[in-house]
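Since the structure comes first, as structure tokens, the remarks are kept for the end.
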Amino acid sequence: MRSLLFVPGDSEKKLEKGLGSGADVLLVDLEDSVGTARKEAARDIASAFLRAHRTENAPRLFVRINDLASGLADDDLAAVMPAMPEGILLPKSNSGKDVTRLSAKLNVHEANSGAEEGATKILALITETAIGTLSAASYPGCSGRLAGLSWGAEDLSAAIGARSPRNETGAYTDVFRLARAVTILGASAADVAAIDTVYINYRDDAGLERECTEAERDGFTAKLAIHPTQVPIINTVFTPSADAVAQARKIVDAFAAEPSAGVIGIDGLMFDRPHLKRAERLLARARSAA
């Protein structure tokens, strides 16, 4: 999972176009990109789309429902869960308790639709509120369904009254750098994927590539996209390079040859168990990308 593309749930044309985008995950959106008057239509269109394409190998199909406090989430789930999406993206998650609540709701829907319990995964947007940002440490153990955590700068800026999440140079200001950092830490603590937020200037390829590169460097393994043209750049940056894969394979093979070793020298460099863990994760990402 490298790229996750948002597609409005009320647009059949954009949903079909999303299938050919190359995105690893399509996020069929019932929340921000759908106006209030179109919510019911979006549920019907999204459900029909899921039924028509759920057996295809790629992209994986997730649905962003409305948040649990909106009064719309239950209707969203009732509409799309019989179509068996692979996962649900939960916006404005305030803590791991919200994921636990959603998981309980999914148990009921899976039982009603004949799906295996736990089959539906959960991704959570954890920094769209102030309390959500401060609760990033609450996700370990909240649900076996949890597959990833992401963050949102735009909703958080609205929630706290910030004029912009970025300064005049384009860099995130301190509050939003904190939200970004706690997402990486929260995901690591919960042992799930850390997914970087959207880059809203979809015509700025250089800026997107730069932000992807920085995100991958810091520990994110995927990024949200708002336009199909962003997907190839995201996929390229978050696919481990051949050199990185070769180095990781050397580390894994060396420890496999000496399973009792705590430290191993390779090509004049010393590697210990944390390096082994990082190498194993990189190889897993490479296999997933392939």
Side-chain angles (χ1 to χ4, degrees), residues 4 6 9 25 27-34 36 39 62-81 85 87-110 118 120-162 164-165 172-198 200 215 219-220 222-224 226:
L4 301 90
F6 282 111
V25 176
L27 297 170
V28 180
D29 190 20
L30 301 180
E31 194 210 18
D32 284 347
S33 65
V34 178
T36 302
K39 294 293 187 184
F62 281 60
V63 177
R64 175 163 70 169
I65 61 172
N66 288 274
D67 68 271
L68 295 180
S70 68
L72 301 172
D74 286 337
D75 288 340
D76 292 342
L77 293 173
V80 302
M81 283 302 294
I88 298 295
L89 173 60
L90 176 65
K92 298 178 180 63
S93 180
N94 286 323
S95 72
K97 291 181 179 179
D98 279 353
V99 172
T100 303
R101 286 176 59 201
L102 175 58
S103 182
K105 293 176 184 292
L106 295 180
N107 285 342
V108 176
H109 286 287
E110 286 170 344
T120 313
K121 302 304 180 185
I122 296 175
L123 303 175
L125 285 163
I126 69 169
T127 73
E128 295 183 305
T129 66
I131 191 61
T133 304
L134 296 172
S135 302
S138 66
Y139 290 90
C142 66
S143 172
R145 298 176 184 273
L146 187 65
L149 300 180
S150 189
W151 70 291
E154 303 305 319
D155 282 88
L156 180 59
S157 66
I160 65 175
S164 171
Y172 283 115
T173 59
D174 287 349
V175 171
F176 301 94
R177 289 170 57 201
L178 172 64
R180 180 181 183 273
V182 299
T183 300
I184 298 174
L185 296 172
S188 179
D191 196 22
V192 297
I195 303 166
D196 195 24
T197 193
V198 298
I200 63 172
F220 288 105
K223 188 170 180 65
L224 302 175
I226 59 169

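Along the sequence shown, the residues carry numbers beginning at 1. Predicted model, so just to flag it, every value in this text is computed and none were measured.
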Interatomic distance, Arg145 atom CZ to Leu123 atom CG [nearest 0.5 angstrom]:
13.0 Å
Distance in Å, Leu224 CG paired with Leu27 CG, rounded so as to fall on 0.5 Å steps
6.5 Å
Could you list the donor-acceptor pairs under 3.5 angstrom formed between side-chain atoms of residues 180-192 and any protein atom two or more places apart in sequence or on another chain?
| from | atom 1 | to | atom 2 | distance (Å) |
| --- | --- | --- | --- | --- |
| Arg180 | NH1 | Asp218 | OD2 | 3.0 |
| Arg180 | NH2 | Asp218 | OD2 | 3.0 |
| Thr183 | OG1 | Ala179 | O | 2.8 |

Residues Tyr139 and Ser93: side-chain donor-acceptor under 3.5 angstrom:
yes
Separation of Leu102 CG from His109 NE2 (nearest 0.5 Å)
9.0 Å
So which heavy atom on Ala147 is nearest to which on Lys121, and how close?
CB-CB, 4.2 Å
Verdict with supporting geometry, Leu4 and Ile195, side-chain contact (heavy atoms from CB on, under 4.5 Å):
CA-CA 9 Å; Leu4 301 90; Ile195 303 166; 3.7 Å; yes
Only one of Val175, Leu156, Ile126, Asn94 passes side-chain contact (heavy atoms from CB on, under 4.5 Å) with Thr133; say which it is.
Leu156
Give every residue pair that meets the ring-ring contact (aromatic ring centres under 6.0 Å, His included) criterion with at least one member in residues 172-191, sequence neighbours excluded.
Trp151-Tyr172
Within the supplied structure, the quantity of interest is the number of heavy atoms (other residues, nucleotides, ligands) at a distance under 6.0 Å from Ile160 CD1; does it exceed 12?
yes
Heavy-atom pair of closest approach, residues Val99 and Ala124
CG2-CB, 4.1 Å
Any donor-acceptor pair under 3.5 Å linking the side chain of Ser157 with the backbone of Pro165?
no
Atom OG in Ser150, atom CD in Glu128: separation rounded to 0.5 Å?
8.5 Å
Lys/Arg N to Asp/Glu carboxylate O, Glu110 vs Lys105, below 4.0 Å
no
Compare every heavy atom of Ala194 with every heavy atom of Gly219, then report the nearest pair and how far apart it is.
O-CB, 4.0 Å
If you compare all heavy atoms of Val25 against all heavy atoms of Phe62, which two are closest, and at what distance to 0.1 Å?
CG1-CD1, 3.6 Å
For the side chain of Ser138 and the backbone of Gly96, is there at least one donor-acceptor N/O pair under 3.5 Å apart?
yes
Let me check something: any side-chain donor-acceptor pairs from residues 65-73 under 3.5 Å, sequence neighbours excluded? List them with distances.
| from | atom 1 | to | atom 2 | distance (Å) |
| --- | --- | --- | --- | --- |
| Asn66 | OD1 | Lys39 | NZ | 3.1 |
| Asn66 | ND2 | Leu30 | O | 3.0 |
| Asn66 | ND2 | Asp76 | OD2 | 2.8 |
| Asp67 | OD2 | Ala69 | N | 3.0 |
| Asp67 | OD2 | Ser70 | N | 3.2 |
| Ser70 | OG | Asp67 | O | 2.7 |
| Ser70 | OG | Leu72 | N | 3.1 |

Got a donor-acceptor contact below 3.5 angstrom from the Ser143 side chain to the Ser103 backbone?
no
CG-CD distance between Leu90 and Glu31, expressed to the nearest 0.5 angstrom
9.0 Å
If I compare all heavy atoms of Val63 with all of Pro85, which pair ends up nearest, and what's the gap?
CG2-CB, 4.0 Å
Say whether, by atom type as modelled, one donor and one acceptor occur between the side chain of Lys223 and the main chain of Thr197 under 3.5 angstrom.
yes
Nearest 0.5 Å please: distance from the OG atom of Ser33 over to the CD1 atom of Ile226.
11.0 Å
Could you tell me whether the side chain of Val28 reaches within less than 4.5 Å of the side chain of Arg64, counting heavy atoms only?
no
Dump the intermediate steps for side-chain contact (heavy atoms from CB on, under 4.5 Å) on Leu125 and Lys92, then the final yes or no.
CA-CA 6 Å; Leu125 285 163; Lys92 298 178 180 63; over 6 Å; no
Hey, mind stepping through Asp29 and Leu89 against side-chain contact (heavy atoms from CB on, under 4.5 Å) and telling me if it holds?
CA-CA 9 Å; Asp29 190 20; Leu89 173 60; over 6 Å; no
